[in-house]
Protein chains: 2
Amino acid sequence: MSVPAPQILLVEDEPQMRRFLRVALEGGGYRYLEAASGQEGLTLAVQHRPDVILLDLGLPDMDGLDLMTRLREWSRTPVIVISARGRETDKIGALDVGADDYLTKPFGTGELLARIRVALRHADPGTAEDPLFTLGRWRVDLARRQVLVGGQEVHLTPLEYRLFTTLIRHAGKVVTQRQLLKEVWGGVAGAQPLYLRVYMAQLRHKLEEDPSRPRYLQTEPGVGYRLRTEE
Amino acid sequence: MSVPAPQILLVEDEPQMRRFLRVALEGGGYRYLEAASGQEGLTLAVQHRPDVILLDLGLPDMDGLDLMTRLREWSRTPVIVISARGRETDKIGALDVGADDYLTKPFGTGELLARIRVALRHADPGTAEDPLFTLGRWRVDLARRQVLVGGQEVHLTPLEYRLFTTLIRHAGKVVTQRQLLKEVWGGVAGAQPLYLRVYMAQLRHKLEEDPSRPRYLQTEPGVGYRLRTEE
DNA sequence: TGGATTCCTAACGCATTCTTAACGCCGTTC
DNA sequence: GAACGGCGTTAAGAATGCGTTAGGAATCCA
């Protein structure tokens, strides 16, 4: 399952710098967006909600700090300032109105990309939802280690849970007994096919509507088991 | 009602640099803590849980990147690297193992303080959000380190509080015993699952209505513990 | 330095979970 | 149609893990 690449907005008036950074950013695997003025920068920030903003302070139409202030009124998107001004008061001013980092030109693209990774790391937590596996009335939250049947939580023992999630990982496909024993019991000697029968029965009792006629937890006689995914 | 000043841990072997930064940090209104070696730094980080860590990479007893890696196993405390090494590869390496910022010596104290403010801003995820965690009759003010049960304040020892807030940070999810031991005891060797049983029992006695039938502080046998969030 | 708090550790009883065995059912084979 | 193999079911003992208590060690603070 592929997540779209993070999008970077560059606000910079010098065409030469834009070309340079465009190559660096696209080479780094990011989606790239550019604005040549502060006004355009704000507009694009609203429209595209980039994941990181690179901001040159020396813009023709408005002061960079003003732009920061106006941006921070509604957005907490990480901003990395890139500037030719290396004076300490410039840095302090930018950081204190809400910038997250400050790079003085000239800088290496490697460092810039590393600092972008830091910014993305900061923005990330809480953005991602838990991946859910759903099937019929079942809802499995692998991150929470939680199994719901029709909204009702069902408690699974460690072995039951491992057996179940192993089948989920190979959903739709037949998993051989040998493979299940290896993945669930960890290749410990003495693991017998009998275990599978016992625990599959327990899973069916806890999860299936009619355990004697399993709808999803199906047996492939002589081979193994399979989690049926479609009706 | 005043919140205690943020605490900064400086890990730096040169006494001269320590003196200089101590003055700067205390002058900036921060509580100050120092370590002259990497080992001491890790120990103090575990014991005092500073809000920001300033780390010199050139330590005598261990490599700064190793320290970063070991710290990141259990903590997300912002780390600002201060280093005499200004090579780009040094910066990239440090940032990619988890550092949040990289300052090359010499630097101005004004810039350092501004970057500390940025780090503190990042660590406090909800300036506009609710710093309160509520669940049932519980109210936890993470900023003030205060726990209320039905309006009544309940005193927790440092370890109890850390264990509790660790579960809160992963609310709803199962936290494995290994992970809890790492995050609460700081990966110190000798931490045993027994500790968890003892402290979970204490937490339940202080927080749960019926400690023998916990409603929120739940055990996942063989796996870990979980703070239940929904009824 | 003394007192109080907090932490670590051991021991015991209880609950859950795992393992193992016995038995019944079903389909296939000879 | 009897024998066989594979599977499901149930139950009981064994093993493991968990909760609880308490006392001594370590630490902190005045």
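Below, chains carry the letters A, B, ... as their sequence lines are ordered, and counting in each starts from 1.
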Residue list, side-chain hydrogen bond (donor to acceptor under 3.5 Å, both in side chains) with [X], at least two apart or on another chain:
X	value
E88(A)	none
R162(A)	none
R72(A)	D100(A)
Q146(B)	E153(B)

> Between T157(A) and T157(B), who's closer to the 5' end of DNA chain C by nearest nucleotide?
Replying inline: T157(B)
> Any Lys/Arg nitrogen of R18(B) or D13(B) sitting under 4.0 Å from an Asp/Glu carboxylate oxygen of the other?
Replying inline: no
Interface polar pairs with nucleotides 25-27 of chain C, N/O, under 3.5 angstrom:
none

Please give, in whole Å, the distance from [N] [atom2] to [X] [atom1]?
X	N	atom1	atom2	answer
Q192(A)	dC18(C)	CD	C1'	13 Å
R213(A)	dC7(D)	CZ	C1'	16 Å
L156(B)	dC7(C)	CG	C1'	15 Å
L207(A)	dG8(D)	CG	C1'	16 Å
Q47(B)	dT27(D)	CD	C1'	10 Å
W185(B)	dC7(C)	CH2	C1'	9 Å
L181(A)	dC18(C)	CG	P	15 Å
H48(B)	dT27(D)	NE2	C1'	12 Å

>> Under the rule for ring pair (Phe, Tyr, Trp, His ring centres under 6.0 Å), what residues qualify as partners of Y30(A), not counting sequence neighbours?
In response: none
> Among all residues two or more places apart in sequence or in another chain, which pass the ring pair (Phe, Tyr, Trp, His ring centres under 6.0 Å) test with Y32(B)?
Replying inline: none
>> Counting only heavy atoms and a strict 4.0 angstrom limit, can you tell me which residues of residues 158-165 of chain B come near DNA chain C?
In response: P158(B), L159(B)
> Partners of D56(B) by salt bridge (Lys or Arg N to Asp or Glu O under 4.0 Å), sequence neighbours excluded?
Replying inline: K105(B)
> Is it the case that R204(B) and T219(B) place a side-chain donor and acceptor less than 3.5 Å from each other?
Replying inline: yes
>> I'd like to compare against my own output: the B/S/- annotation of nucleotides 12-21 of chain D with a strict under-4.0 Å heavy-atom distance to protein.
In response: -----SBBBB
> Do any pairs count as a ring-ring contact (aromatic ring centres under 6.0 Å, His included) and have a residue in residues 161-184 of chain B, sequence neighbours left out, and if so which ones?
Replying inline: W138(B)-F164(B)
> Under 3.5 Å, is there a donor-acceptor pair between the side chain of E208(A) and the main chain of R213(A)?
Replying inline: no
> Looking only at atom types and distance, does a side-chain atom of E220(A) sit under 3.5 Å from a main-chain N or O of R226(A), one as donor and one as acceptor?
Replying inline: no
>> Please report the interatomic distance NZ(K182(B)) to CD(E73(B)), rounded to the nearest 0.5 Å.
In response: 4.5 Å
>> Report for the helix from dT1(C)-dA30(D) to dC30(C)-dG1(D): angle between first-end and last-end helix axes, five pairs each, rounded to 10 degrees.
In response: 30°
> In terms of the angle between their ring planes, are W185(A) and Y199(A) parallel, tilted or perpendicular, with boundaries placed at 30° and 60°?
Replying inline: perpendicular
> Within the pair Y195(B) and dC8(C), is there a side-chain N or O less than 4.0 Å away from OP1 or OP2?
Replying inline: no
